[in-house]
Protein chains: 2
Amino acid sequence: MQNKDDISKKPLTPAMEDYLEAIFNLGKEKRVVRVKDIAKRLGVKMPTVTSMLNTLSKRELIDYEKYEYLELTEKGVDVGKEIHRRHHTLRSFLTNILNIDFKKADEEACKMEHAVSASTLDRFIEFMEFIQFCPRVGLDWLKYFDEYRLHGQEPDKCLARMKEFADGFKVRIKTMDEVEGKK
Amino acid sequence: MQNKDDISKKPLTPAMEDYLEAIFNLGKEKRVVRVKDIAKRLGVKMPTVTSMLNTLSKRELIDYEKYEYLELTEKGVDVGKEIHRRHHTLRSFLTNILNIDFKKADEEACKMEHAVSASTLDRFIEFMEFIQFCPRVGLDWLKYFDEYRLHGQEPDKCLARMKEFADGFKVRIKTMDEVEGKK
DNA sequence: AAACTATGTTTGGGATATCTAATTATCACT
DNA sequence: AGTGATAATTAGATATCCCAAACATAGTTT
C-alpha cells in the first residue's frame, strides 16, 4: 500500500528531464555542479534552478542540501543518461542522415527528446546502423540523398542517378531486358 | 509602434497548436465544431476547452462568441493546417520508415510535432520521397531494413543480405576483383 | 578578522493549463 | 409554451515553471 503522497509513479515533466540531463552533462565536464552553471546551460535564472532542485530532491532524483554541492542519485543518473542518449541520437539523425546543421539539429533534438520513447529511439538507432553499418551500403547512399535533395527529383534523372549510385556501391544495374530474361 | 498588449508576436504554445489542429481536423469531419468534440479529441474537460477558446479568440486565431459556433480565422487555419502537416509527416515517417505501429506512432508524432520546425519537416519529407520515389530504390530497401532489424547485423550476414537486396533492386554486386580490375 | 564579491535562497507574483462543482443556456419533445 | 436533457460557461482551486527583488551565505582579499 502506497502513501497517498507517493510520488514515485508520477511521470517526470520535460523540464525535470532537462535539468537532470544538464546536471548529468555538467557533472562530466566539471568537478562540481553549481546552480549558476545549470542556470546558464538551460537559459533560466538562478531562483528557478533552486526551486527545481527542491522538486528533484523531494523526488529523490538528486541529493541536495541548500548551499551544498549537489549530486544525482542513482535514479537521477539513470534518467539523465537516458535523456542524454535521446538527445545525442536524435541530433545524430538530424545531422548525419537529414543533413541539418548542428546548431539547429541540437535545438530541435532538445525538444524532440521528450517526445520520443525509449523503444522508438532504439528504432532510430537501428535505422542509422542499417544505413551505416553494412559495407558499401551506407555513406555513398547518403551522398546520393544529398544530390537528390539539392537537384530535384525528376523521374528521368532519377534512373541516371540510380546508375551513378550503383557504381558507388560497386553494383551494376541490370537492364530491364536482362531482368526479364530477354536476349 | 505596437500596443503594449500586442500579442501577435508571442509564439504559440504547444497546447494552442494542439487545439488549432484539433479544430482544423474536426472542421473537416463535421458540419460544426463543438466544445464537447474538442474536449473528447484532446482528452480534456469542457471547461478547459472554453478557457482555451477565449485565449485563441483574443489572439485572433478563431472567431468565437460564447454559445455560438466557432470557426478558425485565416491565421488559425494556417496554423492548424501546418500542425496537421507535421503530425501526418512524422507519423508517416515513424510507421512507413521505422516500422512503428500506428497507435504508438500517432501518439509520438503528436508530441514531436511541436518540436520540429517547418524546414526540418521538409527535410523529413524529402528523405521519405528519396526512399520511395525513385524506381526500384524504395520499398525493397525498406523490406531489407526490416529483415536487418529482426535478424541482427553480423558483418558476414550483411554482405549476403546485400546480395539479396541487390537482386531485389535488379542490380548485381560486382566482386571485389571486378571492382579492382583484376582478371 | 573585516569587508567585499560570488553565489545561492526566499519571497511573492505572473502565465499557462488543467480540474471539479455549480450555474446557465440551448435544443428537442410533448 | 413548458420541461427535461444536453451542452457550455463561470467560479474557484491546483500544479508547473518562470521571474525580479530582497536577503543570506560562502569564499576571497586586504
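Every chain is numbered from 1 and lettered A, B, ... according to where its sequence line falls, protein lines coming before strand lines. What's counted below: heavy atoms across the whole structure, side chains too, no hydrogens, waters or symmetry copies. Owing to the predicted nature of the structure, the values given are computational and were not obtained by experimental measurement.
- Regarding the sugar-base torsion, D/dA13 falls in the anti class, its angle being beyond 90° of 0.
- Within 4.0 Å (heavy atoms only), B/Thr13 reaches sugar-phosphate atoms of the nucleic acid but no base atom.
- D/dT16 atom C1' lies 16 Å from atom CG of A/Leu42, rounded to whole Å.
- Nucleotide C/dA6 is matched to nothing when pairs are restricted to Watson-Crick or G-U wobble geometry with both distances under 3.5 angstrom.
- Whole-Å rounding puts the B/Met52 CE to C/dC19 P distance at 11 Å.
- Along DNA chain D, the nucleotide closest to B/Tyr67 and the one closest to A/Val44 are compared, and the more 5′ of them pairs with B/Tyr67.
- Between B/Arg41 and B/Glu29 there is a salt bridge, with a side-chain nitrogen of the basic residue lying less than 4.0 Å from a carboxylate oxygen of the acidic one.
- Residue B/Lys45 has no polar side-chain atom (N or O) positioned under 4.0 Å from OP1 or OP2 of D/dA8.
- Remark: C/dA15 base-pairs with D/dT16. Criterion, Watson-Crick or G-U wobble with two distances under 3.5 Å.
- The separation between A/Lys40 atom NZ and C/dG8 atom P is 13 Å, rounded to whole Å.
- A tilted orientation is assigned to the rings of A/Phe124 and B/Phe93, their planes being inclined by 30° to 60°.
- Looking at A/Asn54, its side chain does come within 3.5 Å of a backbone N or O of A/Thr50 through a donor-acceptor pair.
- Two residues, B/Pro47 and A/Pro14, neighbour DNA chain D, and the one matched to the more 5' nucleotide by heavy-atom proximity is B/Pro47.
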- Message: For B/Phe24 and B/Lys28: C-alpha separation, side-chain torsions, deciding distance, then whether side-chain contact (heavy atoms from CB on, under 4.5 Å) applies.
- Response: CA-CA 7 Å; B/Phe24 178 78; B/Lys28 295 203 299 188; 4.0 Å; yes

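- Results of the side chain to side chain contact (heavy atoms under 4.5 Å, CB included) test with B/Glu113 over B/Arg86, B/Arg91, B/Glu82, B/Glu17 single out B/Arg86 as the only residue that passes.
- Residue A/Ser51 is out of contact with every strand shown, counting any heavy-atom pair closer than 4.0 Å.
- Distances shorter than 4.0 Å separate some side-chain N or O of B/Thr50 from OP1 or OP2 on D/dT9.
- OP1 or OP2 of C/dT18 sits under 4.0 Å from a side-chain N or O of B/Tyr19.
- Taking 4.0 angstrom as the limit, A/Arg34 places a side-chain polar atom (N or O) nearer than this to OP1 or OP2 of C/dG8.
- A sub-4.0 Å separation between OP1 or OP2 of D/dT9 and a side-chain N or O of B/Lys66 is absent.
- Residue A/Lys10 places its side chain closer to D/dT16 than to any other of D/dC19, D/dC17, D/dT16.
- Rounded to an integer number of Å, the gap from CE of A/Met16 to C1' of D/dC17 is 10 Å.
- For the OP1/OP2 pair of C/dT9 and a distance below 4.0 Å, the side-chain nitrogens and oxygens of A/Tyr64 include at least one atom meeting the criterion.
- Look at CG on A/Leu12: it is 17 Å from P on D/dA15, rounded to the nearest Å.
- Distance CD (A/Glu65) to C1' (C/dT9): 14 Å, rounded to an integer number of Å.
- Atom CG of A/Asn54 and atom C1' of C/dT10 are 10 Å apart (whole Å).
- Taking atom CG of A/Leu56 as the reference point, atom P of C/dT9 lies 13 Å away to the nearest angstrom.
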Would you check, one step at a time, whether the test side-chain hydrogen bond (donor to acceptor under 3.5 Å, both in side chains) holds for B/Ser117 with B/Thr120? CA-CA 5 Å; B/Ser117 68; B/Thr120 294; 3.2 Å; yes

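- Closest to the side chain of A/Met46, out of C/dT18, C/dT9, D/dA8, is C/dT9.
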